[in-house]
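Everything below concerns the one structure shown next.
As the structure lists them, so they are numbered: ligands from 1, and atoms in each ligand from 1. As the structure is a computational prediction, the values presented were derived from the model and not from experiment.
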Amino acid sequence: MYTLPELPYDYSALGKYISTDIMQLHHSKHHQTYVDKLNAALDTAPELKESPLESMLAAPDALPETVQNAVRNHGGGHYNHSLFWQWMSPDGGGEPTGELADKLTEKYGTYQAFVDEFTAKALGVFGSGWCWLQPDMSIVTTPNQDTPMLLGLDEPLLGLDVWEHAYYLDYKNKRDDYVSSWWNVVNWEFVAGRMK
Ligand code: MN
């Protein structure tokens, strides 16, 4: 049985960047629903209960047809959001340091050039989806709750939820304002830790 992970900070911790209302709704309703629906699907295919979620998400077509969509969508939702909470922190923001900073600079020239490109790709997602930084420093996007693993890629270093449910209460239709605020809470320490 999958369970909703606790947030590593209070619902109010991200302050003016992402409101208490959004955090509460996003975590306790949206993420909880992904967990519940993933568990409901796996109840119908108990042979999958020992399968790691990451490998099921890399190849949902290999699963029984009756659970493929549920694992892809709700399993993806659970995987993505479990990381998303950790990719943010009240102590976040600023710029990465160390090896991560070096690799970003090597690929993009400057940290700001990376931010600009990631932001442009996040704003370019049509409808609901995610924008990812990959271990090779490339930036990719996926629709819905699809993960980079579904594209045959490694697990992401960093990801941004650009579903409207992630920002509409605070930012209405202004995804660009949400994305520029989000950089102020990115937990670079956690991102750097995923490089190892
Ligand atoms: Mn979401």
Among side-chain atoms of Gln145 and Tyr34, is any donor-acceptor pair under 3.5 angstrom? yes
NZ/NE/NH1/NH2 to OD/OE distance under 4.0 Å, Lys103 and Asp136: no
Side chains of Ser181 and Tyr167, donor plus acceptor under 3.5 Å: no
Protein N/O/S atoms closer than 2.8 Å to the Mn ion (ligand 1) number 4
Taking the ring of Phe118 and the ring of Trp183, is the distance between their centroids below 6.0 Å? yes
Nearest heavy-atom neighbours spanning Thr141 and Cys131: CG2-SG, 4.0 Å
Do you see a donor-acceptor pair shorter than 3.5 Å between the side chains of His30 and Trp163? no
